[in-house]
**Q** 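What follows is a structure written as structure tokens; I'll ask about it next.
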Amino acid sequence: MEYNFREIEQRWQEFWRDNDTYRIKEDASKPKFYVLDMFPYPSGAGLHVGHPLGYIASDIYARYKRLKGFNVLHPMGYDAYGLPAEQYAIQTGQHPAITTQKNIERYRSQLDKIGFCFDWNREVRTCDPGYYRWTQWAFEQMFNSYYDNDLNKAMPITALIDKFEANGSEGINVACGEEMTFTAEEWKKMAKVEQEKILLNYRIAYLGDTMVNWCPKLGTVLANDEVSEGVSIRGGYPVEQKVMRQWCLRVSAYAQRLLDGLDNIDWSDSLKETQRNWIGRSEGAEMQFKVADSDVVFTIFTTRADTIFGVTFMVLAPESEYVNQVVTPEQAEAVKQYLDSIKHRTERERIADRKVTGVFTGAYAINPLNNKQIPIYISDYVLAGYGTGAIMAVPAHDSRDYAFAKTFDLPIIPLIEGCDVSEESFDAKEGKMMNSEGNGLNLNGLEVKEAIAKTKEFIKANNLGKVKVNYRLRDAIFSRQRYWGEPFPVYYKDGMPHILPDEKLPLQLPEIDKYLPTESGEPPLGRAKNWETAEHYPLELCTMPGFAGSSAYYLRYMDPHNPNALVSKEANEYWRNVDLYVGGTEHATGHLIYSRFWNKFLFDLGYVCEDEPFKKLVNQGMIQGRSNFVYRIKDTNTFVSLNLKGEYDTTEIHVDVNIVSNDRLDIEAFRNWSPEYKDAEFILENGEYVCGWAVEKMSKSMYNVVNPDDIVERYGADTLRLYEMFLGPLEQSKPWDTNGIDGVHRFIKKLWNLFYDKESLAVTDEEPTAEELKALHKLINKVGSDIEHFSFNTSVSAFMICVNELTSLKCRKKAILKELAILLAPFTPHLSEELWSLLGFEPSVCDAPWPVYNEEFTKESTINYAISFNGKMRFNMEFAADAAREDIEKAVLADERSAKWIDGKTPKKVIVVPNKLVNVVV
RNA sequence: GCCCGGAUGGUGGAAUCGGUAGACACGAAGGACUUAAAAUCCUUUGGCUAUAAUACGGCUGUGCGGGUUCAAGUCCCGCUCCGGGUACCA
């Protein structure tokens with residue numbers, strides 16, 4: 001019988017669906033295991049062959065764990081809100097909900113064809129009101145909370161109000177926007193609106209005026225992780241800096257916990273490192289500088305307190321609040337001109353031409369350690385958003401300050417013995433200090449590290465400043481001036497935001513006529529009719545960003561239909577957190593930070609029982625495209641084969657990889673591909689047209705997109721699954737190359753032929769031989785440990801080796817084949833089900849017990865030793881597995897082949913590596 | 001610039017602790033079966049090279065240059081190139 005994958009796969013997919021094989025319930029009698037994939041954004045292009053890579057890997061793992069006796073939660077859903085659907089809506093007027101629904105259906109049918117064990121009963125969609133009700137709920141919780149730095153956790157805002165009532169701002173240590181001081185009396189006397197305004201300064205979800213990334217082309221603000229190199233990640237449009245009033249999440253309050261948490265989770269080092277850099281902890285000091293002839297005192301942040309004697313100027317960020325306080329009348333005009341000139345530069349321009357620019361304020365600061373007056377400048381190389389927006393410049397030991405000093409001809413004072421600052425600054429934190437003495441502090445002769453510590457002590461003791469830890473991590477901007485996202489459950493009364501009462505939730509996304517901003521520049525929701533409460537208070541016009549819906553979806557899968565809570569306590573305590581999360585690294589500084597923050601916040605309030613959401617994380621590599629080229633001779637319609645093109649003047653043209661096989665062009669298909677090539681002529685080599693190739697991003701415009709549906713159609717889902725794993729290590733990026741898929745397909749056919757001899761099932765009940773058991777148990781051992789280590793490519797090889805051995809042993813024994821079917825079940829579930837039932841077992845193989853490895857069967861009686869002389873391998877010898885070391889040594893030296901290599905000398909040493917080799921040192 | 005990865009045949013990739021480099025595949029070449037093709041099976045396949053023949057022969061070989069070691073793809077030092085992240089973060 002032929003291996004008919006179409007019939008087999010369809011039949012078992014129906015069986016699984018009809019029997020709810022993958023429906024999972026909480027079951028206290030079994031250990032739980034939660035395997036999660038990063039849910040996809042359902043884009044219009046559908047899945048290409050790269051998308052399922054991670055899903056296949058996690059599916060293998062999930063199925064393996066199930067076979068090992070775990071109750072495995074393996075859900076899937078859709079990250080359904082997002083810009084592309086909305087951009088499409090703007091162009092076509094098509095409601096994003098409709099396109100999204102269509103795309104989801106397409107995704108679903110593509111996913112179904114691959115045979116995943118998802119529990120679709122638990123599907124979530126972020127755009128579903130039953131789902132985003134809980135996104136809105138979480139926002140409400142954040143609005144009603146503040147972060148207590150002493151307790152190191154989020155607390156209800158009512159606890160803060162109690163403190164204000166009792167002692168005002170006295171003695172509070174909480175995360176906030178700006179430091180505020182008021183007494184209990186003052187607090188009580190304030191109008192309600194006044195109090196609300198103050199509370200906004202402390203809420204974890206707060207409305208704040210912050211410098212944002214404004215993207216005029218998209219008409220929205222973007223979070224830091226949505227911007228790269230001055231352009232938006234989606235669309236690549238320029239982004240400018242602008243102060244706007246926006247919803248923000250106080251992620252920064254969690255900076256230290258997000259950092260510390262990394263030590264207790266099993267993620268790759270590189271990913272942890274990326275998050276550490278993104279959080280960007282830096283220990284330093286804040287110091288106060290007085291402005292000469294003025295009452296103004298300003299604060300700077302530095303990690304190099306030791307370089308205080310090398311300060312030759314100060315720099316303020318252009319947006320710094322100090323600017324207006326210090327500028328002298330003489331310099332006012334120059335400063336104004338400078339500020340105007342940089343306002344019009346986009347972020348991108350600023351980065352592109354990294355020119356040193358700046359202007360003198362006319363004012364001088366006084367160095368508290370030597371009383372010297374130093375000029376104060378304004379420059380855009382100092383950022384308003386980091387530290388205090390003001391720095392002390394030490395040109396000798398900071399390259400940016402150095403560039404500025406050279407441009408504005410300011411003095412450079414070296415502070416480290418032996419350093420040469422004539423050409424560039426000396427930035428390293430090493431060496432002995434010099435030129436560093438004044439006002440009771442002497443750092444000369446100290447190592448840099450000692451000097452930093454000593455200076456910190458000194459400024460603390462003398463009230464010149466304080467030790468301070470800064471983080472690069474900013475609060476997340478949470479508003480988007482867009483339509484296709486979760487509406488905020490917020491209305492405004494007297495200009496202050498309030499949360500809608502519970503019975504009004506979820507606040508559903510309204511219909512609008514056009515998906516564009518209003519005439520007056522309001523976000524699209526400004527077009528919605530009656531977008532207000534019953535009392536005619538206006539509702540928030542912004543919607544939430546993409547990461548809102550994806551931050552807690554893994555919790556919803558635990559209890560997806562619960563109308564009363566994001567997740568019930570029981571469900572949460574059973575599933576706890578994700579044991580294995582599989583997804584790409586591109587979310588390192590976005591989703592994976594926000595999710596951790598969101599989870600920690602819910603943990604603080606007692607809604608979830610684990611502090612970290614994802615215990616182990618595996619990053620699958622990107623599947624790149626492998627493009628093919630044909631070479632057209634200029635100004636003709638003649639194409640020349642790759643190795644002959646040197647003789648002609650040619651243009652390289654992308655050709656659809658689906659009409660190329662093994663880099664040989666299907667000429668007929670090419671002529672039909674486009675009318676332009678209908679009459680194409682070819683110059684062939686050896687009767688074939690050979691295409692060139694290159695590795696590029698998989699994209700339509702490169703004609704290198706391979707659709708998994710086509711592969712399934714041609715080879716079957718099991719072959720696709722196996723081949724995706726066989727392609728290389730999971731974590732590694734690699735190009736998709738359909739050449740080679742025949743190898744795995746052949747393997748499956750070989751396996752099939754162990755069951756079928758021509759037309760009849762040829763399985764026997766004979767007892768397996770030692771040799772057969774050995775082949776099987778080697779495989780059990782290998783596949784088990786490979787799956788545990790996510791080394792799926794080598795397990796596929798192991799299967800091939802085993803089946804080759806069994807084929808040459810002509811082994812058709814049920815006892816062996818049964819176990820083989822189970823071992824293969826995670827990889828080729830359809831085939832395994834089929835084989836399992838062919839052997840006469842009841843379905844489903846999904847619930848069979850994973851075979852137990854027995855070492856006895858794989859033990860060798862003799863072991864082949866490599867014999868080497870001075871490390872050079874020369875010949876092999878067989879020894880009994882339990883041969884004594886001395887006997888092996890003696891036998892090697894006595895062997896006639898050794899004489900040649902020993903060459904009459906006395907061996908200095910003989911090294912015996914058990915079970916491997918013997919090395920004789922002559 | 002900084003941080004993190006990586007480099008192994010014509011190709012994808014194996015090599016758990018430093019211990020016979022190239023497993024397993026693809027491709028290629030040759031052969032069997034076939035009227036033919038497809039499918040299937042068998043042999044060879046890193047490079048150079050020896051011998052009249054036989055071969056279980058020799059040399060060389062994991063980006064480059066050094067080093068440690070009885071032994072290095074693997075460890076150390078210095079480079080080159082490629083990929084990813086990040087970027088005036090004081």
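Here is the naming used below: chain letters follow the sequence lines, and residue numbers restart at 1 for every chain. Since the structure is predicted, the reported quantities are computational estimates derived from the model, not experimental observations.
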**Q** Using the P atom as the reference point in each nucleotide, state the distance between B:A55 and B:A39 in Å, no decimals.
**A**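 Per the computed distance, 33 Å lies between those P atoms.
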**Q** Which residues in residues 915-922 of chain A have at least one heavy atom lying under 4.0 Å from any atom of RNA chain B?
**A**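 Going residue by residue through residues 915-922 of chain A, the ones with a heavy atom under 4.0 Å of RNA chain B turn out to be A:K916, A:L917, A:N919, A:V921.
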**Q** Suppose you measure atom P in B:G1 against the same atom in B:C76; what distance do you get, rounded to whole Å?
**A**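 Their P atoms lie roughly 23 Å apart.
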**Q** Can you tell which of B:U20, B:C70, B:A87 lies closest to the side chain of A:A866?
**A**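 The answer is B:U20, which lies nearest to the side chain.
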**Q** Using purine N1 to pyrimidine N3 plus N6-O4 or O6-N4 for Watson-Crick, or N1-O2 and O6-N3 for G-U wobble, each under 3.5 Å, what pairs with B:C33?
**A**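 Base partner found: none.
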**Q** So which nucleotide from B:A14, B:U20, B:A90 ends up closest to the side chain of A:M873?
**A**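 Selected nucleotide (nearest to the side chain): B:U20.
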**Q** Looking at B:C70, B:A90, B:C88, which one has an atom nearest to any side-chain atom of A:T303?
**A**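 Among the listed nucleotides, the one closest to the side chain of A:T303 is B:A90.
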**Q** Using the P atom on both, measure B:A21 against B:U16 and round to a whole Å.
**A**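 Between the two P atoms, the distance is 14 Å.
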**Q** Which class fits the ring pair A:F875 and A:F869: parallel under 30°, tilted 30 to 60°, perpendicular over 60°?
**A**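 Answer is tilted, since the angle falls between 30° and 60°.
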**Q** With a 6.0 Å cut-off on ring centres, are A:F313 and A:F408 close enough?
**A**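 Between A:F408 and A:F313, which both carry aromatic rings, the centre distance is not below 6.0 Å.
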**Q** Check each residue of residues 735-751 of chain A for a non-hydrogen atom within less than 4.0 Å of any atom in RNA chain B, then write out the ones that pass by number, or none.
**A**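 Close to the strand are A:N739, A:G740, A:G743, A:R746, A:K749, A:K750.
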**Q** Of the nucleotides B:A90, B:A14, B:C24, which has the atom closest to the A:D398 side chain?
**A**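 Of the options given, the side chain of A:D398 lies nearest B:A90.
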**Q** Given the P atoms of B:A72 and B:G65, what is the spacing between them in whole Å?
**A**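 The answer is 16 Å between these two P atoms.
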**Q** Rounding to the closest angstrom, what is the interatomic distance between B:U20 and B:C56 at atom C1'?
**A**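 Going atom to atom, C1' in each nucleotide, I get 14 Å.
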**Q** How should the glycosidic conformation of B:G18 be described, syn or anti, under the criterion that syn lies within 90° of 0?
**A**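 Anti conformation for B:G18.
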**Q** In plain terms, say whether A:D427 and A:R304 are close enough for a salt bridge, that is, a side-chain N and a carboxylate O under 4.0 Å apart.
**A**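 No.
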**Q** Determine the interplanar angle of the A:Y865 and A:F879 rings, folded into 0 to 90°, and report it as parallel if under 30°, tilted if 30 to 60°, perpendicular if over 60°.
**A**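 The arrangement is perpendicular - the two ring planes meet at more than 60°.
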**Q** For A:D269 and A:V796, take the nucleotide of RNA chain B holding the closest heavy atom to each; which residue's nucleotide lies nearer the 5' end?
**A**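 Residue closer to the 5' terminus by nearest nucleotide: A:D269.
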**Q** Among B:C70, B:U20, B:A23, which is the nearest nucleotide to the side chain of A:I801?
**A**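 Among the listed nucleotides, the one closest to the side chain of A:I801 is B:A23.
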**Q** Decide, yes or no, whether a salt bridge links A:R276 with A:D269 under the criterion of side-chain N to carboxylate O below 4.0 Å.
**A**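 Looking at A:D269 together with A:R276, the answer is no, because their closest N to O distance does not fall below 4.0 Å.
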